[in-house]
Visitor: 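After the structure tokens below, expect a handful of questions from me.
All heavy atoms count here, side chains included; hydrogens, waters and symmetry mates do not.
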Amino acid sequence: MRPTKIIISGGGTGGHIFPAISIANALKRIEPGCEILFVGAVGRMEMEKVPAAGYNIVGLNISGLQRGSIAKNLSLPFKLFGSMRKAMQLIDEFKPDVVVGVGGYASGPILFAASLKKIPYLIQEQNSYAGITNKWLGKKAAKVCVAFDNMGQFFPEENVLKTGNPVRKDVVDIIDKHHAGAELLRLDPLKKTILVTGGSLGAGTLNKSIEKHLPELIKADVQVIWQTGKFYYKGIMERLGLDFHPNVRILEFLNKMDMAYAAADLIISRAGAGTIAELCLIKKPVILVPSPNVAEDHQTKNALALVKNNAALLIADSSAEDTLVLEALSLLGNKEKSKQLAENIGKMALPDADNVIARQVLILAERRKQGHGA
């Protein structure tokens, strides 16, 4: 029998790309002979990250709506038409048995093309609030894999499956690494430690909040693993210097995220769906500061899904500069609350998401190969 052929589409951010690669890896583990083609957006990070993971990728010339720039948006209809034509061509040439959409600019055209060509498709919706494109395409999806409860409000209930979000296994493997993580980061394993992470690009609000309250953190003898992101690192280093204080480790990017997670007693983070999936598996107290600069304010909705289960604290972006560090120090001093948050966030973990989604993809592909359609 011919190998199963799968297109995985989407990207734009690590929150879309890393789950997509995790699904592809799981597909290869379950069915090593399957053929996988990624479809991304030209100029976006998936065009670099996916080949680095060992997979072929084709780029569509597609972009999103540019806020505040009418001129840049004039080309959108032409890009959309060109992307749809190329998506149809890719499906004709590659002949996939199933298409997977993980979100991002490239997902729309390829999933719509799949629906027109009667190819079954699966959507992996990472957030607790579905975006416009996924809501529209989800009506005809053969399966929608979600990470949060109550997603039937966006998709046909009978097609929704709660799987969780795939995570990079090496990132969440923190067992027995606390001392090693502290040693790697040149910190004292016996001192209380806060990890602050705003993702690879960084989060301005988190950086301002930490910088403003460094005196309080130092006075409390609390260590900080401060991942600034590449947009902010240079400016912070110019102001503070490389060896600002022994308790404060300032880093542009964390190459060994597992070690940082392991060394931390408390984690401060944005509320992207992929990050939350990791934090549920890490099982440590968390303060979430949702980014206000995302579609449909979905990070706040992601965070609230944890807050209502007493699994995380939420600080609004607008008040973080004044209150975030004070809340963090208060939480570090409250053993009972910290323990409760850690236990409750752990209960929300779905550790096998990549394999569960991959099996659903292969079931849909098998049905199509046997002539049952979508």
Visitor: Strictly distance-based, threshold 3.5 Å: is any side-chain N or O of Thr163 a donor or acceptor partner for the main-chain N or O of Ala353?
Guide: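 A pair under 3.5 Å: no.
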Visitor: Do Asn247 and Lys191 have a side chain donor and acceptor closer than 3.5 Å?
Guide: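 Yes, a side-chain donor-acceptor pair sits under 3.5 Å.
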Visitor: Would you say the side-chain atoms of Gln223 and Asp188 include a donor-acceptor pair closer than 3.5 Å?
Guide: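 On atom types as modelled, these side chains do not qualify, holding no pair under 3.5 Å.
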Visitor: Does Tyr121 use its side chain to pair, donor to acceptor, with the backbone of Val98 at less than 3.5 Å?
Guide: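 Looks like no, no N/O pair under 3.5 Å.
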Visitor: Please evaluate residues Cys145 and Glu125 with respect to the criterion side-chain contact (heavy atoms from CB on, under 4.5 Å), reporting the C-alpha separation (whole Å), side-chain torsions for both, the decisive distance (0.1 Å), and the verdict.
Guide: CA-CA 6 Å; Cys145 295; Glu125 173 56 67; over 6 Å; no
Visitor: Does the side chain of Asn344 pick up a donor-acceptor pair with the side chain of Asn309 at under 3.5 Å?
Guide: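 Per modelled atom types, Asn344 and Asn309 side chains form no pair under 3.5 Å.
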Visitor: Give me the one residue out of Lys49, Glu48, Arg44 that meets side chain to side chain contact (heavy atoms under 4.5 Å, CB included) with Glu46.
Guide: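 Only match with Glu46 under side chain to side chain contact (heavy atoms under 4.5 Å, CB included): Arg44.
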Visitor: For salt bridge (Lys or Arg N to Asp or Glu O under 4.0 Å), just list the numbers for Asp322 and Lys212, CA-CA rounded to whole Å, side-chain angles, deciding distance to a tenth of an Å, and then say yes or no.
Guide: CA-CA 8 Å; Asp322 292 324; Lys212 182 177 179 178; 2.8 Å; yes
Visitor: Hey, does the side chain of Lys284 reach the backbone of Ala262 with a donor-acceptor pair shorter than 3.5 angstrom?
Guide: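 Yes.
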Visitor: Roughly how far, to the nearest 0.5 Å, is the OG atom of Ser9 from the NE2 atom of His16?
Guide: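 So the gap between those two atoms works out to 11.0 Å.
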Visitor: Should Leu281 and Val286 be counted in the same cluster of Ile, Leu, Val, Met, Phe, Trp and Tyr side chains packed under 4.5 Å apart?
Guide: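 Cluster IDs for Leu281 and Val286 match.
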Visitor: Taking ring-ring contact (aromatic ring centres under 6.0 Å, His included) as the test, write out the residues that go with Phe148, two or more places apart.
Guide: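 Here no residue qualifies.
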Visitor: To the nearest 0.5 angstrom, please state how far the CD atom of Glu211 sits from the CG atom of Leu206.
Guide: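 Atom-to-atom, Glu211:CD and Leu206:CG are 13.0 Å apart.
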Visitor: Is there a side-chain contact between Ile315 and Leu288, using heavy atoms and a 4.5 Å cut-off?
Guide: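 Result no, sub-4.5 Å side-chain heavy-atom pair not found.
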Visitor: Verify, without hydrogens or angle tests, whether Asn56 (side chain) and Pro51 (backbone) share a donor-acceptor contact under 3.5 angstrom.
Guide: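 A pair under 3.5 Å: no.
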Visitor: Side chains of Leu214 and Phe244: does their closest heavy-atom pair fall under 4.5 Å?
Guide: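 A side-chain contact under 4.5 Å exists here.
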Visitor: Would Asn25 and Ser22 count as having a side-chain donor-acceptor pair, cut-off 3.5 Å?
Guide: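 Per modelled atom types, Asn25 and Ser22 side chains form no pair under 3.5 Å.
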Visitor: Return yes if a side-chain donor-acceptor contact under 3.5 Å exists between Thr228 and Asn207, otherwise no.
Guide: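 Judged by distance alone, the side chains do not pair up.
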Visitor: Can you tell me if NZ on Lys208 sees more than 12 non-hydrogen neighbours from other groups inside 6.0 Å?
Guide: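 Atom NZ in Lys208 is not crowded, with 12 or fewer foreign heavy atoms closer than 6.0 Å.
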Visitor: Would you sort out whether Val42 and Leu60 count as a side-chain contact (heavy atoms from CB on, under 4.5 Å), showing the intermediate values?
Guide: CA-CA 6 Å; Val42 170; Leu60 301 181; 5.8 Å; no
Visitor: Is there a donor-acceptor pair closer than 3.5 Å between any side-chain N or O of Glu321 and the backbone N or O of Ser318?
Guide: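 No, because the side chain of Glu321 does not come within donor-acceptor range (under 3.5 Å) of the backbone of Ser318.
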Visitor: Indicate yes or no: at least one non-hydrogen side-chain atom of Lys337 is less than 4.5 angstrom from one of Leu313.
Guide: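 Counting from C-beta outward, Lys337 and Leu313 do come under 4.5 Å.
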Visitor: Taking C-beta and beyond as the side chain, do Lys230 and Phe253 meet within less than 4.5 Å on heavy atoms?
Guide: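 No; the side chains remain at least 4.5 Å from each other.
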Visitor: Would you say the side-chain atoms of Asn165 and Gln124 include a donor-acceptor pair closer than 3.5 Å?
Guide: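 Short answer, yes.
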Visitor: Within a 6.0 Å radius of atom NZ on Lys234, are there more than 12 heavy atoms belonging to other residues, nucleotides or ligands?
Guide: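 For Lys234, atom NZ is not crowded (no more than 12 foreign heavy atoms under 6.0 Å).
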Visitor: Would Leu341 and Asn310 satisfy side-chain contact (heavy atoms from CB on, under 4.5 Å), going step by step from the backbone distance to the final call?
Guide: CA-CA 6 Å; Leu341 290 173; Asn310 196 24; 3.8 Å; yes
Visitor: Hey, any chance Ile363 and Val361 share a hydrophobic cluster, counting ILVMFWY side chains that come within less than 4.5 Å of each other, even indirectly?
Guide: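 Looking at the clustering, Val361 is in a separate group from Ile363.
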Visitor: Any chance you could measure Leu185, atom CG, to Leu195, atom CG, to the nearest 0.5 Å?
Guide: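 Here the interatomic distance stands at 9.0 Å.
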Visitor: Taking Ser330 for its side chain and Leu326 for its backbone only, find out whether a donor-acceptor pair lies under 3.5 Å.
Guide: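 Flag not set: sc Ser330 to bb Leu326 has no pair under 3.5 Å.
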Visitor: In the structure I gave you, are the side-chain heavy atoms of Ile225 and Leu251 within less than 4.5 Å of one another anywhere?
Guide: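 When only atoms from C-beta onward are counted, Leu251 and Ile225 do touch, with a gap below 4.5 Å.
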Visitor: Would you indicate whether Glu216, at its atom CD, is surrounded by more than 12 heavy atoms from other residues, nucleotides or ligands within a distance under 6.0 Å?
Guide: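 Enclosed.
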Visitor: Which residue pairs pass the salt bridge (Lys or Arg N to Asp or Glu O under 4.0 Å) test with at least one member in residues 88-100, sequence neighbours excluded?
Guide: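 Residue pairs with at least one partner in residues 88-100: Arg2-Asp97, Asp92-Lys117.
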Visitor: Please enumerate all residues that pass salt bridge (Lys or Arg N to Asp or Glu O under 4.0 Å) together with Lys162, with sequence neighbours excluded.
Guide: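 Applying salt bridge (Lys or Arg N to Asp or Glu O under 4.0 Å) to Lys162 gives Asp149.
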Visitor: Does the side chain of Ser291 pick up a donor-acceptor pair with the side chain of Gln299 at under 3.5 Å?
Guide: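 On atom types as modelled, these side chains do not qualify, holding no pair under 3.5 Å.
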Visitor: Exactly one of Lys169, Arg29, Arg359 should register a salt bridge (Lys or Arg N to Asp or Glu O under 4.0 Å) with Asp352. Which one does?
Guide: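 That would be Arg359; it is the only one of Lys169, Arg29, Arg359 passing the salt bridge (Lys or Arg N to Asp or Glu O under 4.0 Å) with Asp352.
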Visitor: For Ile287 and Ala328, which heavy atoms make the closest approach, and how far apart are they?
Guide: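 Heavy atoms of Ile287 and Ala328 come nearest at CD1-CA, 3.7 Å.
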Visitor: So Leu137 and Phe112, do their side chains get closer than 4.5 Å, heavy atoms only?
Guide: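 Heavy-atom side-chain distance check passes, below 4.5 Å.
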Visitor: So do the side chains of Val224 and Thr193 get within less than 4.5 Å of each other, counting heavy atoms only?
Guide: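 Not touching, per the 4.5 Å side-chain cut-off.
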Visitor: Is it true that atom CD of Gln340 has more than 12 heavy atoms of other residues, nucleotides or ligands lying nearer than 6.0 Å?
Guide: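 More than 12 within 6.0 Å, yes.
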Visitor: For Lys177, give me all partners under salt bridge (Lys or Arg N to Asp or Glu O under 4.0 Å), at least two apart in sequence or on another chain.
Guide: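 Lys177 satisfies salt bridge (Lys or Arg N to Asp or Glu O under 4.0 Å) with Asp173, Asp258 only.
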Visitor: Report yes if the side chains of Glu35 and Ile6 come closer than 4.5 Å at any heavy-atom pair, otherwise no.
Guide: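 Not touching, per the 4.5 Å side-chain cut-off.
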Visitor: Answer yes or no: does atom CG of Asp176 have more than 12 heavy-atom neighbours from other residues, nucleotides or ligands under 6.0 Å?
Guide: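 Open: at most 12 neighbouring heavy atoms sit under 6.0 Å from CG of Asp176.
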Visitor: For the CD1 atom of Ile57 and the CD1 atom of Ile7, what is their distance to the nearest 0.5 Å?
Guide: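 Here the rounded value is 11.5 Å.
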Visitor: Is a side-chain N or O of Lys139 found less than 3.5 angstrom from the main chain of Phe155, in a donor-acceptor match?
Guide: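 Absent.
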Visitor: Examine Val356 and Val146 and state if one hydrophobic cluster contains both, with Ile, Leu, Val, Met, Phe, Trp and Tyr joined whenever side-chain heavy atoms are less than 4.5 Å apart.
Guide: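 Per the 4.5 Å side-chain linkage, Val356 and Val146 are not co-clustered.
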Visitor: Can you pull the side-chain hydrogen bond (donor to acceptor under 3.5 Å, both in side chains) pairs that have at least one residue in residues 264-274, sequence neighbours excluded?
Guide: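 Applying side-chain hydrogen bond (donor to acceptor under 3.5 Å, both in side chains) to every pair that reaches into residues 264-274, excluding sequence neighbours, yields Arg270-Asp317.
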Visitor: Between NE2 of His298 and CG of Asn302, what distance do you get to the nearest 0.5 Å?
Guide: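 So the gap between those two atoms works out to 6.0 Å.
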Visitor: Using distance alone, with no hydrogens and no angle criterion, decide if Thr4 and Glu31 have a side-chain donor and acceptor under 3.5 Å apart.
Guide: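 There is such a pair between these side chains.
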Visitor: Residues two or more places apart in sequence or in another chain: which of them pass side chain to side chain contact (heavy atoms under 4.5 Å, CB included) with Lys135?
Guide: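 Scan of Lys135 (side chain to side chain contact (heavy atoms under 4.5 Å, CB included), adjacent residues dropped) gives Tyr129, Ala130, Phe154.
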Visitor: Is it true that Tyr261 and Glu278 share a donor-acceptor pair across their side chains at a distance under 3.5 Å?
Guide: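 There is such a pair (donor and acceptor under 3.5 Å, judged by atom type) between the side chains of Glu278 and Tyr261.
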Visitor: Has Glu252 got a side-chain atom pairing as donor or acceptor with Gln227's backbone, closer than 3.5 angstrom?
Guide: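 Not a single qualifying donor-acceptor pair exists.
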Visitor: Backbone N or O of Ala271 within a donor-acceptor pair of the Thr275 side chain at under 3.5 Å?
Guide: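 No.
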Visitor: Just how far is it from atom CE of Met259 to atom CG of Leu184, taken to the nearest 0.5 Å?
Guide: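 Going from the CE atom of Met259 to the CG atom of Leu184 covers 6.0 Å.
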Visitor: Among the clusters formed by ILVMFWY side chains lying less than 4.5 Å apart, do Ile276 and Leu314 turn up in the same one?
Guide: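 Unlinked, Ile276 and Leu314 end up in two clusters.
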